[in-house]
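Proteins come first, then strands; the chains are lettered A, B, ... in the order of their sequence lines, and each starts at number 1.
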Amino acid sequence: MPELPEVETIRQTLKQLVIGEEIESIQVNWENIIKYPLVEDFKYLLVNQSIQDIKRRGKFLKFYFDQHVLVSHLRMEGNYSVHKQDEPYDKHTHIIFNFSSGKSLRYRDVRKFGTMHVFKKGEQNNVKPLNQLGPEPFDEAFTIDYFAERLQKTTRMIKAVLLDQSVVAGLGNIYVDETLFKANIHPMRRAHTLSHKEITALRAFAIETLQEAIEQGGTTIRSYIDGHGDMGMFQQKLYVYGQAEEPCQVCSEKVEKIKVSGRGTHICPSCQPL
DNA sequence: TTGGGTGTTGAGTA
DNA sequence: ATACTCAACACCCA
């Protein structure tokens with residue numbers, strides 16, 4: 001499900017709903033979501049604490065409490081929603097944060113791939129998983145020079161490099177395919193063979209695509225919904241992802257689906273020659 | 001019914 | 001270093 005635009009949309013929508021809420025108790029129905037610390041300590045550290053802010057780093061959500069930070073990754077299908085505590089929940093609801101207001105924040109994840117870590121404030125940036133991340137796409141640290149250097153020192157396929165969160169944080173399968181299409185670059189091109197012009201275009205289109213997707217509230221293909229339960233709209237603006245067999249909107253050639261670096265990959269063979 | 005696919009990522013293997 | 005396979009898990013579809 002969620003790449004950077006979806007996580008950012010969840011952050012924005014959820015923030016209005018839970019800022020200032022104090023956790024009274026935590027119900028854990030599937031312990032494997034909680035990676036650190038032990039489940040009992042996880043609960044102990046957060047109970048009686050209030051949510052001060054929600055931030056984002058790459059595809060991670062960060063819930064800020066008084067002394068600690070909850071770092072949450074939604075992986076494929078994780079999502080958050082806010083309910084009254086007496087509302088029923090289903091078998092895919094794995095973590096429930098009950099607030100003293102009578103409301104609760106629920107983490108639901110059909111495939112149970114999501115992760116949560118709690119760290120002392122400040123510590124989260126020095127340890128896994130956050131310390132592995134490359135720059136934010138919108139941050140000034142994501143310069144052309146930095147990007148070019150990372151691309152030039154690897155022979156991997158460009159798609160694999162863009163999916164690598166240590167290069168730049170936040171791109172996933174949808175937005176990589178869309179970005180490569182807009183830049184007219186075939187996903188199997190070796191990163192070190194890209195020209196300076198192509199690298200510049202790639203960076204600009206990645207930023208632009210992510211920005212536009214945020215403005216559209218993300219992309220809903222199957223299950224993604226934001227903190228209000230609303231779907232995204234960016235699926236209406238996709239050029240290649242999920243468009244196999246459809247005519248390319250630029251050249252009318254048939255969009256193809258291939259496999260690159262283990263992932264389903266969508267290209268226009270005419271606009272993105274190898 | 002079964003196998004292959006799904007928006008993610010970490011581990012293990014050559 | 002890189003590529004490939006598998007694993008976590010549930011569901012959908014041909």
Side-chain angles (χ1 to χ4, degrees), chain A residues 1-10 29-36 56-61 71-80 90-95 107-117 127-134 149-180 187-193 206 209-210 213-214 216-226 231-245 256-266:
Chain A
M1 171 177 79
E3 305 177 33
L4 185 151
E6 290 73 39
V7 177
E8 176 60 20
T9 303
I10 289 170
N29 298 331
W30 185 257
E31 298 198 347
N32 292 349
I33 303 280
I34 296 169
K35 302 301 182 186
Y36 183 86
R56 180 190 57 73
R57 176 79 172 94
K59 302 176 189 173
F60 291 86
L61 280 175
V71 178
S72 170
H73 197 301
L74 279 36
R75 292 292 182 97
M76 292 291 268
E77 305 211 51
N79 66 62
Y80 282 100
D90 70 5
K91 63 177 178 179
H92 302 302
T93 301
H94 306 307
I95 315 277
Y107 179 72
R108 184 173 182 275
D109 186 345
V110 170
R111 296 178 69 180
K112 299 176 174 172
F113 286 175
T115 63
M116 294 186 191
H117 295 75
V127 296
K128 285 201 293 187
L130 293 188
N131 71 344
Q132 311 283 24
L133 295 179
E149 190 187 324
R150 290 299 300 259
L151 297 194
Q152 282 156 8
K153 73 180 187 192
T154 180
T155 62
R156 298 156 74 199
M157 292 179 286
I158 185 61
K159 172 152 184 171
V161 178
L162 293 177
L163 286 171
D164 182 343
Q165 302 296 297
S166 76
V167 174
V168 58
L171 289 167
N173 209 29
I174 295 176
Y175 299 109
V176 165
D177 281 5
E178 292 297 306
T179 298
L180 287 168
M188 295 178 82
R189 284 279 300 285
R190 300 285 154 172
H192 70 284
T193 70
T209 304
L210 292 169
I214 292 171
Q216 295 299 312
T219 302
T220 298
I221 302 294
R222 277 196 305 279
S223 61
Y224 162 70
I225 49 173
D226 69 19
M231 298 193 327
M233 299 290 285
F234 194 73
Q235 62 276 13
Q236 297 172 8
K237 306 220 167 173
L238 297 174
Y239 285 92
V240 288
Y241 188 88
Q243 308 302 308
E245 303 300 306
E256 288 180 2
K257 185 171 180 189
I258 59 178
K259 186 152 295 226
V260 178
S261 145
R263 309 295 299 278
T265 298
H266 310 75

Go through the structure and list residues passing salt bridge (charged side-chain N to carboxylate O under 4.0 Å, His left out) with A/Arg111, not counting sequence neighbours.
none
Measuring to OP1 and OP2 of B/dT9, would you say a side-chain N or O of A/Lys59 lies under 4.0 angstrom away?
yes
Taking all atoms of both residues into account, what is the closest heavy-atom pair of A/Pro129 and A/Val71, and its distance?
CG-CG1, 4.5 Å
P gap between B/dT8 and C/dA1, integer Å
24 Å
Roughly how many Å is it from CZ in A/Arg57 to P in B/dT9, rounded to a whole number?
13 Å
Whole-Å distance between B/dG4 P and A/Lys257 NZ?
14 Å
Contacts of type ring-ring contact (aromatic ring centres under 6.0 Å, His included), residue A/Tyr241, not counting sequence neighbours
A/His266
For A/Gln132 and B/dG10, give me the distance from atom CD to atom P, rounded to whole Å.
8 Å
Euclidean distance, atom CG of residue A/Leu171 to atom P of B/dG7 [Å, nearest integer]
14 Å
Rounded to the nearest Å, what distance is computed from the CG atom of residue A/Leu74 to the C1' atom of nucleotide B/dT6?
16 Å
Phosphate OP1/OP2 of B/dT8 contacted by A/Arg263 side-chain N/O (<4.0 Å):
yes
Just by protein heavy atoms under 4.0 Å, how would nucleotides 3-14 of chain C read 5' to 3' in B, S and -?
S----BBBS---
Not counting sequence neighbours, which residues clear side-chain hydrogen bond (donor to acceptor under 3.5 Å, both in side chains) with A/Arg189? List them please.
A/Thr193, A/Glu198
Requiring both pairing distances under 3.5 angstrom, list the stems that contain DNA chain C and are made of three or more consecutive Watson-Crick or G-U pairs.
B:2-6 with C:10-14, B:8-14 with C:2-8
Quick one: list whatever passes salt bridge (charged side-chain N to carboxylate O under 4.0 Å, His left out) with A/Glu178, sequence neighbours left out.
none
Whole angstrom value for the distance that separates P of B/dT6 from CD of A/Glu3:
13 Å
Under a 4.5 Å cut-off applied to non-hydrogen side-chain atoms, are A/Asp109 and A/Ile95 in contact?
no
Please name all residues satisfying side-chain hydrogen bond (donor to acceptor under 3.5 Å, both in side chains) with A/Arg150, sequence neighbours left out, ordered by chain then number.
A/Tyr146, A/Ser166
Between C/dC6 and B/dG3, how many Å separate the two P atoms, rounded to a whole number?
14 Å
In whole angstrom, what separates A/Leu163's CG from B/dT6's P?
13 Å
Determine the interatomic distance between C1' on C/dA8 and the same-named atom on B/dT1; round to the nearest Å.
24 Å
Whole-Å distance separating the NE2 atom of A/His192 from the C1' atom of C/dT2:
13 Å
Between the protein and nucleotides 11-14 of chain B, which nitrogen or oxygen pairs come in under 3.5 angstrom?
none

Can you sort out the partners of A/Val176 under side-chain contact (heavy atoms from CB on, under 4.5 Å), two or more places apart, ordered by chain and number?
A/Lys159, A/Leu162, A/Leu163, A/Leu171, A/Leu180
Angle class for the A/Tyr107/A/His94 ring planes (parallel below 30°, perpendicular above 60°, tilted otherwise)?
tilted
Under 4.0 Å from OP1 or OP2 of B/dT8: is there any side-chain N or O of A/His73 that close?
no
Residues two or more places apart in sequence or in another chain: which of them pass side-chain contact (heavy atoms from CB on, under 4.5 Å) with A/Ser261?
A/Met157, A/Ala160
Euclidean distance for C1', B/dG7 against C/dA3 (whole angstrom)
23 Å
Counterpart residues, side-chain contact (heavy atoms from CB on, under 4.5 Å), relative to A/Glu31 (two or more places apart)
A/Val28, A/Val39
Closest-nucleotide 5' rank along DNA chain B - winner of A/Thr265 and A/Pro129
A/Thr265
Could you list all the salt bridge (charged side-chain N to carboxylate O under 4.0 Å, His left out) pairs where at least one residue sits in residues 163-174 of chain A, not counting sequence neighbours?
A/Arg156-A/Asp164
Looking only at side-chain N and O atoms, does A/Tyr241 come under 4.0 Å of OP1 or OP2 in B/dG7?
yes
